[in-house]
Engineer: 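Pasting in a structure now, in structure tokens, and then I'll have a few things to ask.
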Amino acid sequence: MVDKKQEKYGNAFNATFTGIMDLFRKHEPAGTLKLTDRFDGKTVLIDGASSGLGFAVAVEVARRGAKVIMACRSGIPGKGEEVKRRTGSGDIHMFPVDFSDISSIHRLVADIRGQFGKIDILICNAGLVPKKSRKTPQGIEEMFMVNYLSKFIFVNLLFKENCFRYTGSGHPRIIFVSSETHRNPREFDWDSFGVYKEYGINKSIELYGTYKLLLTTFAVELSRRLNKVELTCSVFALCPGPINSNIGREAPKIFLPLLKLIFVLFFKSPSKAAIPVIYLAASPDLENKPFDYLFLMSRKEPDEKALNPENGQKLWEMSEDLVKSISP
Ligand SMILES: NC(=O)c1ccc[n+]([C@@H]2O[C@H](COP(=O)([O-])OP(=O)(O)OC[C@H]3O[C@@H](n4cnc5c(N)ncnc54)[C@H](OP(=O)(O)O)[C@@H]3O)[C@@H](O)[C@H]2O)c1
């Protein structure tokens, strides 16, 4: 029997329709982003900051006084210059990274450590929906790597290299941009974890949800591990809702004009979609929280599969083993 929940984002049409309907539903806000919620004296790293949500977040974080690190695959230095122009901030720094390549992630962490030492807030945002499977330089599947495994590698390396600041006001915060599609998979397919398989656009949309489930489970498990005894680092995840971004760039050419029209008419602008991200990163309301999950501005429980500690433990161990096998 097909579960209704699992059908919601199972193909391109359902995913788009569900996204639009979600925007029209009433949501009780978890809080309010205030003008006084600022980042003065803080260093905020945003990845995937060349486009869509990541770029809008970089602009808003800069406006609110942060030293901004934009970790990007493209748009260097143009996108950083644009953030400077729009905000009047001179404290914008760009670093190249390709999250499909483990060596590039190692270089990024070395660059950050060498030039900044410490960061206060990390926003893991980069993601894609490819039109078909592609192999990374290490021979694994690109969307699995970019949308999930690279975050596991990146965050763990930042901790290993002592890149988070524990002095000053507040704890470090890590924010993962996930998606409500993480509720779609019926269960974890552990046998397929990290195994390269060929697929096309429809399967890509289904797998997007699978990898967002891995990401959300990782976020829950990371918080569990970091905050076992006392709060050391807040870990937040969210679904920003449907955004008029470049996420559909690989959709079949024939559908692109229609998709663009739907995005413009119904989806949120990246700057509006950025509000819950900025709230999670800046608001004092969340100061003592080890974990939180927002859908738009509403607090929600992540899917029960993501909350299950056995799944978190298993995912962590399997990710560690896989990373060992592909590490340079
Ligand atoms: N759009 C939506 O409706 C929606 C809904 C829920 C969640 N999200 C999530 O929101 C996040 C941002 O997506 P978006 O909608 O803003 O899409 P977007 O406009 O396509 O931006 C995606 C960003 O990720 C970067 N990226 C992709 N592959 C990369 C790689 N291998 N290495 C480094 N960076 C890479 C892109 O860099 P380039 O510019 O160089 O390609 C770009 O900066 C994603 O995690 C997405 O899953 C989006």
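Each ligand, and each atom within it, is numbered from 1 in the order the structure gives. Residue numbers run from 1 in the order of the sequence given.
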Engineer: Any donor-acceptor pair under 3.5 Å linking the side-chain atoms of D189 with those of S192?
Structural biologist: yes
Engineer: Counting from 1, what ligand 1 atoms have a heavy atom of S50 closer than 4.0 Å?
Structural biologist: 37 (O), 38 (P), 39 (O), 40 (O), 42 (C), 43 (O)
Engineer: May I ask you to list the atoms of ligand 1 that are less than 4.0 angstrom from any heavy atom of L53?
Structural biologist: 16 (O)
Engineer: Name the residue from K151, E141, H182 that meets the side-chain hydrogen bond (donor to acceptor under 3.5 Å, both in side chains) definition with Y211.
Structural biologist: E141
Engineer: Considering P240, P242, G248, which one's heavy-atom position lies nearest to atom 6 (C) of ligand 1?
Structural biologist: P240
Engineer: Answer yes if the side chains of Y196 and S133 hold a donor-acceptor pair under 3.5 Å, and no otherwise.
Structural biologist: yes
Engineer: Please identify which atoms of ligand 1 are closer than 4.0 Å to at least one heavy atom of V97.
Structural biologist: 32 (N), 33 (C)
Engineer: Compare S51, S74, G52 and give the one whose heavy atom is closest to atom 40 (O) of ligand 1.
Structural biologist: S74
Engineer: Could you list which atoms of ligand 1 come closer than 4.0 Å to a heavy atom of S245?
Structural biologist: 1 (N), 14 (P), 15 (O), 16 (O), 17 (O), 19 (O)
Engineer: Of the side chain and backbone of R249, name the one, both, or neither that has a heavy atom under 4.0 Å from an atom of ligand 1.
Structural biologist: side chain
Engineer: If you count the atoms of ligand 1 from 1 in the order shown, which ones are under 4.0 Å from a heavy atom of S100?
Structural biologist: 31 (N)
Engineer: May I ask you to check whether S179 has an N/O atom sitting below 3.5 Å from an N/O atom of ligand 1?
Structural biologist: no
Engineer: Does L261, at its CG atom, have more than 12 non-hydrogen atoms belonging to other residues, nucleotides or ligands within less than 6.0 Å?
Structural biologist: yes
Engineer: Can you figure out which of F263, Y208, F99 has its heavy atom closest to atom 32 (N) of ligand 1?
Structural biologist: F99
Engineer: Look only at interatomic distance and state if L128 has a nitrogen or oxygen under 3.5 Å from any nitrogen or oxygen of ligand 1.
Structural biologist: no
Engineer: Examine E142 against ligand 1 and note whether any of their N/O atoms are separated by less than 3.5 Å.
Structural biologist: no
Engineer: What do you reckon, does A56 put a non-hydrogen atom under 4.0 Å from ligand 1?
Structural biologist: no
Engineer: Taking 4.0 Å as the limit for heavy-atom contacts, which would you say applies to V146 with ligand 1: side chain only, backbone only, both, or neither?
Structural biologist: side chain
Engineer: I need the atoms of ligand 1 closer than 4.0 Å to a non-hydrogen atom of V177, numbered in the order shown.
Structural biologist: 9 (C), 10 (O), 11 (C), 45 (O)
Engineer: For F291, I'd like to know if atom CZ has over 12 heavy atoms of other residues, nucleotides or ligands within 6.0 Å.
Structural biologist: yes
Engineer: Is S178 close enough to touch ligand 1? Criterion: a residue heavy atom under 4.0 Å from a ligand atom.
Structural biologist: yes
Engineer: Give me the residue, atom name and distance of the protein heavy atom closest to atom 22 (C) of ligand 1.
Structural biologist: G127 O, 3.5 Å
Engineer: For the residue pair K289 and F236, would you count it as a cation-pi contact if the rule is NZ or CZ under 6.0 angstrom from the ring centre and within 45 degrees of the ring axis?
Structural biologist: no
Engineer: What do you reckon, does M145 put a non-hydrogen atom under 4.0 Å from ligand 1?
Structural biologist: no
Engineer: Begin with the C-alpha distance, continue with both residues' side-chain angles, and end with the deciding distance and a verdict on side chain to side chain contact (heavy atoms under 4.5 Å, CB included) for L53 and S245.
Structural biologist: CA-CA 7 Å; L53 180 64; S245 68; 5.9 Å; no
Engineer: One pair to check against ring pair (Phe, Tyr, Trp, His ring centres under 6.0 Å): F95 and F116. What are the steps and the verdict?
Structural biologist: CA-CA 12 Å; F95 289 97; F116 286 92; 5.8 Å; yes
Engineer: If we set the cut-off at 4.0 Å for heavy atoms, which region of E180 has an atom near ligand 1: side chain, backbone, both, or neither?
Structural biologist: neither
